[in-house]
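Heads up: the structure comes next, in structure tokens.
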Amino acid sequence: LRIQRLEVGQPTADDLDGRHPLQRQRYLRTAEDGPGCLALGDGYVRQIAEGDPVVMTGFPPVYSISLLPGAWLGIGIETYARFLNTVLLVLTILLSGLIVFKATDRAMPAIWSAAFLALSKPILYIYAWIMSEPLFLVLLLVSLLLTYWQIRKPTLWTVSYTHLRAHET
């Protein structure tokens, strides 16, 4: 996988996500500024050219926090995001295959669905960029598996947790 980097005003031939180049540049700066400022102890802020840093309110900090080890290890946020996206792609393929296997109790549909997912161009494009969607997909698949196991074999703590969550909403 390679992480796409876009300079301001530099349009690309393959406009992957349909956004304007300046919007993609802003998203990339946010993905780099968030963990960089967190690693320096400045908080979850975005650096601007003039004035004080601006607190980021448009993006949740979970993805920025997951990129912090790259800043701490000194390998860079983009390089660490490349490694993280590779791990998340493998996890997405394995978890989707496991979900299909649990649903069908057959190995071939699980293998085929994992293979189709691994060869899906839109999925590979998402994992090639510094975006929070790969982490979201893995967390979504894990939550689906946990829900399946909770329904399949309920335990006291899962029933209690579900009961509490139902009263919160």
Side-chain angles (χ1 to χ4, degrees), residues 1 3 16-17 27-28 30-46 53-169:
L1 292 175
I3 302 296
L16 301 179
D17 58 358
Y27 190 89
L28 179 59
T30 303
E32 289 177 341
D33 281 350
C37 291
L38 280 171
L40 294 173
D42 293 337
Y44 189 55
V45 296
R46 179 172 44 92
V54 177
V55 176
M56 283 193 250
T57 57
F59 298 95
V62 176
Y63 187 63
S64 292
I65 291 171
S66 70
L67 293 177
L68 274 178
W72 289 336
L73 296 173
I75 61 174
I77 294 168
E78 284 188 39
T79 305
Y80 186 75
R82 185 176 298 124
F83 292 130
L84 181 64
N85 281 354
T86 304
V87 170
L88 292 174
L89 177 62
V90 170
L91 283 174
T92 302
I93 292 167
L94 292 176
L95 289 171
S96 65
L98 181 62
I99 288 172
V100 172
F101 179 74
K102 292 289 184 185
T104 63
D105 286 329
R106 298 177 69 200
M108 282 312 290
I111 293 170
W112 278 106
S113 66
F116 283 135
L117 185 70
L119 299 174
S120 170
K121 193 173 182 180
I123 292 292
L124 294 177
Y125 278 153
I126 289 172
Y127 284 84
W129 288 76
I130 299 178
M131 299 174 90
S132 58
E133 280 78 0
L135 180 62
F136 169 76
L137 288 174
V138 168
L139 293 176
L140 177 69
L141 293 173
V142 166
S143 68
L144 285 173
L145 275 174
L146 290 176
T147 303
Y148 168 78
W149 285 325
Q150 177 184 353
I151 292 170
R152 195 74 180 185
K153 295 181 185 177
T155 60
L156 181 60
W157 75 269
T158 57
V159 172
S160 301
Y161 178 73
T162 306
H163 180 73
L164 289 174
R165 295 292 295 174
H167 286 291
E168 287 180 6
T169 58

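- Residues forming a side chain to side chain contact (heavy atoms under 4.5 Å, CB included) with L144 (at least two apart in sequence, or on another chain): I99, L141.
- The side chain to side chain donor-acceptor pair (under 3.5 Å) pairs that include a residue from residues 90-116 are T92-Y127, where partners are two or more places apart or lie in different chains.
- Atoms CH2 and CG, on W129 and N85 in that order, are 12.5 Å from each other to the nearest 0.5 Å.
- Taking OG of S132 as the reference point, atom CG of L139 lies at 10.5 Å (rounded to 0.5 Å).
- Around the CZ atom of F83, the shell of radius 6.0 Å holds no more than 12 heavy atoms that belong to other residues, nucleotides or ligands.
- Only one option out of I93, V87, L94 pairs with V90 in a side-chain contact (heavy atoms from CB on, under 4.5 Å); it is L94.
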Practice problem: Any chance you could lay out the side-chain contact (heavy atoms from CB on, under 4.5 Å) test for V138 and L95, step after step, and finish with the verdict? | Solution: CA-CA 8 Å; V138 168; L95 289 171; 4.2 Å; yes

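- For T86 (side chain) and R82 (main-chain N/O), a donor-acceptor pair under 3.5 Å exists by modelled atom type.
- Taking CD from E133 and CG from L135, the interatomic distance works out to 10.0 Å, rounded to the nearest 0.5 Å.
- Side-chain contact between L117 and I123: present, with at least one pair of heavy atoms (C-beta onward) separated by less than 4.5 Å.
- A110 meets the side chain to side chain contact (heavy atoms under 4.5 Å, CB included) test with V100, F101; sequence neighbours excluded.
- Residues satisfying the side chain to side chain contact (heavy atoms under 4.5 Å, CB included) criterion with T147, sequence neighbours excluded, are I151.
- Residues satisfying the side chain to side chain contact (heavy atoms under 4.5 Å, CB included) criterion with T155, sequence neighbours excluded, are W157, T158.
- Of all the heavy atoms in L89 and L124, the pair that sits closest is CD2-CD2, 4.0 Å.
- Contact detail for Y80 and S66: the closest heavy-atom pair is CE2-O, 3.2 Å.
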